[in-house]
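Here, residue 1 is the first one in the sequence, and each next residue gets the next number.
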Amino acid sequence: MQRDVKRVVSLIRRVSSGSATGYGVDDFGSEVVSGMDQGSGEYFVRIGVGSPPRSQYMVIDSGSDIVWVQCKPCTQCYHQTDPLFDPADSASFMGVSCSSAVCDQVENAGCNSGRCRYEVSYGDGSSTKGTLALETLTLGRTVVQNVAIGCGHMNQGMFVGAAGLLGLGGGSMSFVGQLSRERGNAFSYCLVSRVTNSNGFLEFGSEAMPVGAAWIPLIRNPHSPSYYYIGLSGLGVGDMKVPISEDMFKLTELGNGGVVMDTGTAVTRFPTVAYEAFRDAFIDQTGNLPRASGVSIFDTCYNLFGFLSVRVPTVSFYFSGGPILTLPANNFLIPVDDAGTFCFAFAPSPSALSILGNIQQEGIQISVDGANEFVGFGPNVC
């Protein structure tokens, strides 16, 4: 939760400042697993790096525009589950020169001995530094050549278990951006619920776009092109739409506010006024449940020790254009300890920006069709 808070602060800062080769035509992808067993609140995908492929767990991050893994020799590395990737053992690893067009696309790129260097810092104090390279990645049975990746020789922070990060943001250097010409700038994913032992999925390509999804417009913020924005018109508790102005969720012409979908943030945030109205509506309809003290960033918790089951009101997102997404109970009332304490899994945002986090995305297929500017919810689950 502490890392989540820092990530949100960083995401808000990035939005406010405005920073931020041939394949087959079939879709391809890999299984997605929760990082809970590794002590992480994020989601991992299994990817083969290099030739021959070395399997690595990588964090999937829809708010980031770079793909990177920890590499030998490592001046500073955090602990990861898999052995460190050694470029010397890969026949397909090829360094990128400073004069390369690929290097020109890297934000804050540098040069050392003729090789392109990258550096990325994240909101929780985590960072990665190293050299840029072209490498082969393997997802499932699909081999993708000449992917620009960061080979991190100095990495620190709270990545917890993963070997690196698979950036899925809207920029040209993300994995999706690099595949856009061949794959139609489209991907679909399902983040498995943390309370199950099953796997989710991550698939790429226009063929992965499902029939029967509830589609809403994808909103682009020219001030922050990495992020995927969606239109939200309101929030519901039970059969009631909470009285919150739709303007509370709108993206302004200056690039402020709006609603970002982010797989790297765990807990959904809403502007304080909207959050408090939403929370109070939930409290009003759960008066029969025993309350508990707040935990970490959660201010609305319940003591459900000894309960075999409870009835709670539904929670819904009203999207612009009409679709309504009603969340499973596991996506908004979550256990926070072993003593039966459950908390309302939302928090106030310190700004006008709303963030749809991965807890609320769990178990629901979400598809991003960047070419046609739509985001779909459903119809499949995981």
Side-chain angles (χ1 to χ4, degrees), residues 21 30 33 35 38-40 42-61 64-122 124-139 142-169 171-179 264:
T21 57
S30 183
V33 299
Q38 310 293 335
S40 171
E42 294 168 317
Y43 282 84
F44 298 169
V45 65
R46 200 77 168 145
I47 291 181
V49 182
S51 303
R54 310 285 181 179
S55 291
Q56 307 274 294
Y57 278 120
M58 298 177 70
V59 173
I60 60 172
D61 188 355
S64 177
D65 277 346
I66 193 164
V67 180
W68 63 267
V69 293
Q70 296 199 113
C71 287
K72 289 183 178 180
C74 211
T75 306
Q76 180 181 10
C77 279
Y78 59 87
H79 173 74
Q80 65 178 59
T81 303
D82 301 302
L84 283 173
F85 175 67
D86 189 346
D89 293 336
S90 173
S92 51
F93 184 90
M94 183 170 61
V96 171
S97 70
C98 300
S99 59
S100 166
V102 175
C103 191
D104 291 340
Q105 297 181 59
V106 178
E107 193 173 344
N108 300 322
C111 190
N112 185 23
S113 301
R115 294 299 183 188
C116 184
R117 296 187 60 82
Y118 78 96
E119 179 176 346
V120 179
S121 297
Y122 298 93
D124 58 3
S126 303
S127 64
T128 175
K129 301 178 185 178
T131 55
L132 201 68
L134 298 180
E135 184 55 291
T136 296
L137 300 184
T138 303
L139 288 84
T142 302
V143 177
V144 187
Q145 298 176 328
N146 296 322
V147 179
I149 70 168
C151 194
H153 301 292
M154 291 186 66
N155 317 291
Q156 63 179 356
M158 300 174 64
F159 293 105
V160 191
L165 186 144
L166 185 71
L168 301 177
S172 62
M173 287 296 289
S174 77
F175 190 63
V176 177
Q178 294 188 58
L179 294 175

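Here the closest non-hydrogen pair linking Ser174 and Gly167 is CB-O, 3.4 Å. When all heavy atoms of Cys98 and Asp104 are compared, the pair lying nearest together is O-OD1, 4.4 Å.
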Side chains of residues 109-118: which donor-acceptor pairs under 3.5 Å do they make with residues two or more places apart or in other chains?
unit_1 : atom_1 : unit_2 : atom_2 : d
Arg115 : NH1    : Gly95  : O      : 3.3
Tyr118 : OH     : Thr128 : OG1    : 2.7
Tyr118 : OH     : Gly152 : N      : 3.3

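Between atom CD1 of residue Ile60 and atom OG of residue Ser30 there is a gap of 9.5 Å, rounded to the nearest 0.5 Å. Rounding to the nearest 0.5 Å gives a distance of 8.5 Å between CD of Gln156 and OG of Ser121. From Thr136, atom OG1 reaches atom CG of Asn146 across 6.5 Å, with rounding to the nearest 0.5 Å.
Between the side chain of His153 and the backbone N or O of Pro73 there is at least one donor-acceptor pair closer than 3.5 Å. Of the possible donor and acceptor atoms, none in the side chain of Asn155 sits under 3.5 Å from a partner among the backbone N and O of Gln70.
Not counting sequence neighbours, the partners of Ala148 by the side-chain contact (heavy atoms from CB on, under 4.5 Å) test are Val102, Leu134, Met173, Gln178. In this structure, the side-chain hydrogen bond (donor to acceptor under 3.5 Å, both in side chains) partners of Ser99, at least two apart in sequence or on a different chain, are Ser97. Applying the side-chain hydrogen bond (donor to acceptor under 3.5 Å, both in side chains) criterion to Ser55, with sequence neighbours excluded, gives no partner residue. With sequence neighbours left out, the side-chain hydrogen bond (donor to acceptor under 3.5 Å, both in side chains) criterion links Ser100 to no other residue. Partners of Ser64 by side-chain contact (heavy atoms from CB on, under 4.5 Å), not counting sequence neighbours, listed by chain and number: Asp61, Ile66, Tyr122, Leu165. For the side-chain hydrogen bond (donor to acceptor under 3.5 Å, both in side chains) test, no residue two or more places apart in sequence or in another chain qualifies with Glu119.
Residue pairs meeting the salt bridge (charged side-chain N to carboxylate O under 4.0 Å, His left out) criterion with at least one partner in residues 73-87, sequence neighbours excluded, are Arg46-Asp82. Residue pairs meeting the ring-ring contact (aromatic ring centres under 6.0 Å, His included) criterion with at least one partner in residues 64-105, sequence neighbours excluded, are Trp68-Phe159, Tyr78-Phe159.
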#### Entry: side-chain contact (heavy atoms from CB on, under 4.5 Å) assessment of Ile47 paired with Phe175
CA-CA 12 Å; Ile47 291 181; Phe175 190 63; over 6 Å; no
### Worked verdict on Lys72 versus Asp89 for side-chain contact (heavy atoms from CB on, under 4.5 Å)
CA-CA 10 Å; Lys72 289 183 178 180; Asp89 293 336; over 6 Å; no
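Among Val49, Leu137, Leu84, the single residue meeting the side-chain contact (heavy atoms from CB on, under 4.5 Å) criterion with Gln56 is Val49.
Checking Ser92 against Glu135 by side-chain atom types alone, a donor-acceptor pair falls below 3.5 Å.
When side chains are defined from C-beta on, Phe44 counts as touching Val59, because their heavy atoms get closer than 4.5 Å.
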